Each structure stands twice: as structure tokens, then as C-alpha cells.
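Please read all numbers here as calculations on a predicted model, not as lab measurements. Proteins get letters first, then strands, A, B, ... in listed order; numbering begins at 1 in each.
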Protein chains: 2
Amino acid sequence: MAKTSQAAGLHRASLAKLHELDAALELMYYGWRGMTLEADAYLAKQGLSRPHHRILYVVARRPDISIGSLVEVLGISKQALNRPLNLLLERKLLTSKRSPEQHRSKLLRLTEAGRRIEQRASDHERQVLRAAFDRVGASGAAGWMGVMEAIADNS
Amino acid sequence: MAKTSQAAGLHRASLAKLHELDAALELMYYGWRGMTLEADAYLAKQGLSRPHHRILYVVARRPDISIGSLVEVLGISKQALNRPLNLLLERKLLTSKRSPEQHRSKLLRLTEAGRRIEQRASDHERQVLRAAFDRVGASGAAGWMGVMEAIADNS
DNA sequence: GCCTCATGTCAACTATGTTGACTTGAGATT
DNA sequence: AATCTCAAGTCAACATAGTTGACATGAGGC
């Protein structure tokens, strides 16, 4: 089964380039994969996956966020949020309490264990970025940020 | 339901930055989304989705590719490939024939209709990249390529 | 006491992927 | 010619990640 490749389409495929920008297009694909690969492997070892990480990531940066706001930030339905969120609560990676005022909304926070997992998973991603930035220097990094901002703001 | 946001987590969330590289990390996420958003919408109108586009993209750049090689390049199982591939054959966006020699492998090719859809979908993605590159100039684009290559080669 | 609204939950569905087990059929080997 | 190998095709069961729709609960505001 493994003739020229190692595993899972990870090898930047040797495809003919039909357009000038095909290389860039493929780089976005493999870049996304490259950044998330190790983090996903780490999360899988913890019995978690990317949706759980996204929740942990957001709650880490918005302590006391409500469920409704979390749904908005993540861009998924509350039903889709429900299962991964409950798993994180059961595993005590998150806590939810109602505040004295605003008693209607629940406030989510990371526990220490949750913070640790969020940090390690995100660190895998940040280390990949760090290594790449180091390799190209500050000007290259600035160029990267500029391009990515332009693409992201494309909405 | 829509209070401060428009749709689906598309608004680059205002999250506190816990690390220097958090901004870059989020840019990768929103950049990926930004590049694929319009292409996905176009594909959905055609009753297709990203897996179908990936198949069309690869076959366009490797005419006469075999199913086994396609499985390798895409990094999915042949069973996972089976359904989207059959849909593309049924819709006559792809053809498969056995060659006179190498009679065991099937050779995949795009039809004209398939080529048209592949081009339009990929064009949506390339136009987003083009606009971003134009906005930052050649040096920024070069920096972007350098960083993305470093990340992609992270394997 | 009622209305609103955030939250929680249940069910049914779609899509995309996995593994495992098997059949089919062409080519090569003996 | 009989047999073996291997690409391809297919079926079943399952996991994950999402959707929509419907409805229950419970706190706060009026």
C-alpha cells in the first residue's frame, strides 16, 4: 500500500500546476494540516478532538463566557456544542456556574486540568508557527501576517 | 439569535491573547475559512462539497491517475473515496477507463463539465489569494510562501 | 401570575470519515 | 490450464461533527 508515500496525503503531492496560484492554494491546504497535525495527535491521546480544543481555547481567552456567546464565537448550533461541552464538564476540564447577578446565564471557566490541556494542545500549534517564523525572519513573518489578515477579512 | 454577529463564527473573535502567537494561530484558522468560504458556497450550489472538489482538483492535475494513487494523494481510505467518486462518475464529471496495457488499474479523467466545475471552484479560492497578494505586494507574498512552506514541511 | 428568554435535551437526519470482511476480475506464475 | 496476486468494488457497522425541529425548565422582568 505504501509505495511512494508514508501516510496520509501529508506528502505535498506532486501535482502539475495549472495556474500560477495553485502552489499557494496547496500551501494553504498543507499548511493548515501541518499546523494542526501534532495538536490533533496530542488531543486524540487525551480522548479529545478539535471541537473540544476550540471550546477550551475560547473559554481560556474569555473566562466566564456564557453558553450563548460560546455558540456565537464558535459558529455552531447549541445542539452541536452540547455533546463536546458536556464531555469537558464531565471530565472536569471546565466548570459552569451561575453568577449571583445574571442568574440566567451560565458562566464557563477552565479548571487547572483544562488549562493544562488547552495550553499543551495550543503549544503544539504555536511551536509549528514559531519554527516557521524563525526560519523566514521578521520580514517574512510580517508578510505572512499581512496576507493572512487580508484573506481572513475576505469574510 | 443574531445579536452582535452575522453568521457563523466568521467574525474574527475578540479573544484575549494569552500568547504572542495566538494572533497568528487565529489567523491561520480564519484564513483557511476565508479562502474556502466562497468555493464551498459555489460547490454547495452544485450539490457538491469539499471532498468532491479535492477529487476534481487532483484528477485535473494528474490525468489518468489510478484509484489507488488518488487514495494516496488524498490521504483517505478507498471506502471513503468510494461515495464521492461514484457521485462524480454518475454526474459525468469524471470518466474512468481501463487502459490497454495496465488493464488492472482504472484511469480517471475529467470531462468538460468536470473541468468547468473544478476551475470555477478553484478560481474562488485563487481569487481570494490573488486579492490578498495584491494587497501586500510581492515581498509580502514571498514571505507568506516561505512561512507556509516551512509549516507544510513540518509534515 | 405571566411572559420572555437562556439553557438543556430529545429525536431524526446528513455528511464524512473509519475498520473489517468480503467479492470480482485481470495478469502473472507455475 | 490452474492458480495466485492484487487493484478495485462493495457491504456492514461504527464514530464524529454537524444540522433542524420540537419541547421542557427555570429565572427575571413586568
Testing D:dA17, C:dT7, D:dA7 for proximity to the side chain of A:His52, the answer is D:dA17

Separation of D:dA24 atom P from A:Gln79 atom CD, nearest Å, is 16 Å

When rounded to whole Å, the CG to P distance for the pair A:Asp40 and C:dG17 reads 14 Å

Whichever of A:Leu81 and B:Asn82 has the more 5' nearest nucleotide on DNA chain D, that residue is B:Asn82

B:Leu85 atom CG is separated from C:dT16 atom P, nearest whole Å, by 14 Å

Closest to the side chain of B:Arg54, out of D:dT19, C:dA6, C:dT16, is C:dT16

Between CG of A:Leu89 and P of C:dT7 the distance, given in whole Å, is 13 Å

With B:Asp40 as partner, the option from B:His53, B:Lys45, B:His124, B:Arg50 fulfilling side-chain hydrogen bond (donor to acceptor under 3.5 Å, both in side chains) is B:Arg50

**Request:** Using a strict 4.0 Å threshold on nitrogen-to-oxygen distance, state whether B:Glu149 and A:Arg135 make a salt bridge.
**Result:** no

Here the distance between atom P of D:dT16 and atom CG of A:Leu48, to the nearest Å, is 11 Å

| task | Determine: side-chain N/O of A:Ser77 to OP1/OP2 of D:dG18, distance under 4.0 Å, yes or no. | result | no

_Using a strict threshold of under 4.0 Å (side-chain N to carboxylate O), is an ion pair present between A:Arg115 and A:Glu118?_
no

Rounded to whole Å, CD of B:Glu72 lies from P of D:dA8 at a distance of 11 Å

**Asked** Aromatic rings A:Phe133 and A:Trp144: how do their planes relate, parallel, tilted or perpendicular, breaks at 30° and 60°?
**Response** perpendicular

Per atom distances to the A:Asn86 side chain, the nearest of D:dG18, C:dT9, D:dT10 is C:dT9

Among C:dG17, D:dT10, D:dG18, the one nearest any side-chain atom of B:Pro51 is C:dG17

From CG of B:Leu87 across to P of C:dG17 the rounded distance in Å is 13 Å

Regarding the side chain of B:Arg83, the nearest nucleotide among C:dT18, C:dT9, C:dT16 is C:dT16

From the candidates C:dT9, D:dA8, D:dT16, the one with an atom nearest any side-chain atom of A:Ser49 is D:dT16

message: Any base atoms under 4.0 Å from B:Arg50, or only sugar-phosphate, or nothing? Heavy atoms, all strands.
response: nothing

When rounded to whole Å, the NZ to P distance for the pair A:Lys78 and C:dC10 reads 13 Å

Residues B:Ala60 and B:Leu110: closest non-hydrogen pair is CB-CD1, 3.5 Å

Of the candidates C:dC10, C:dA6, C:dG20, the side chain of A:Ser105 sits closest to C:dA6

Side-chain contact check for B:Ala80: nearest option of C:dA6, C:dT18, D:dG21 is C:dT18

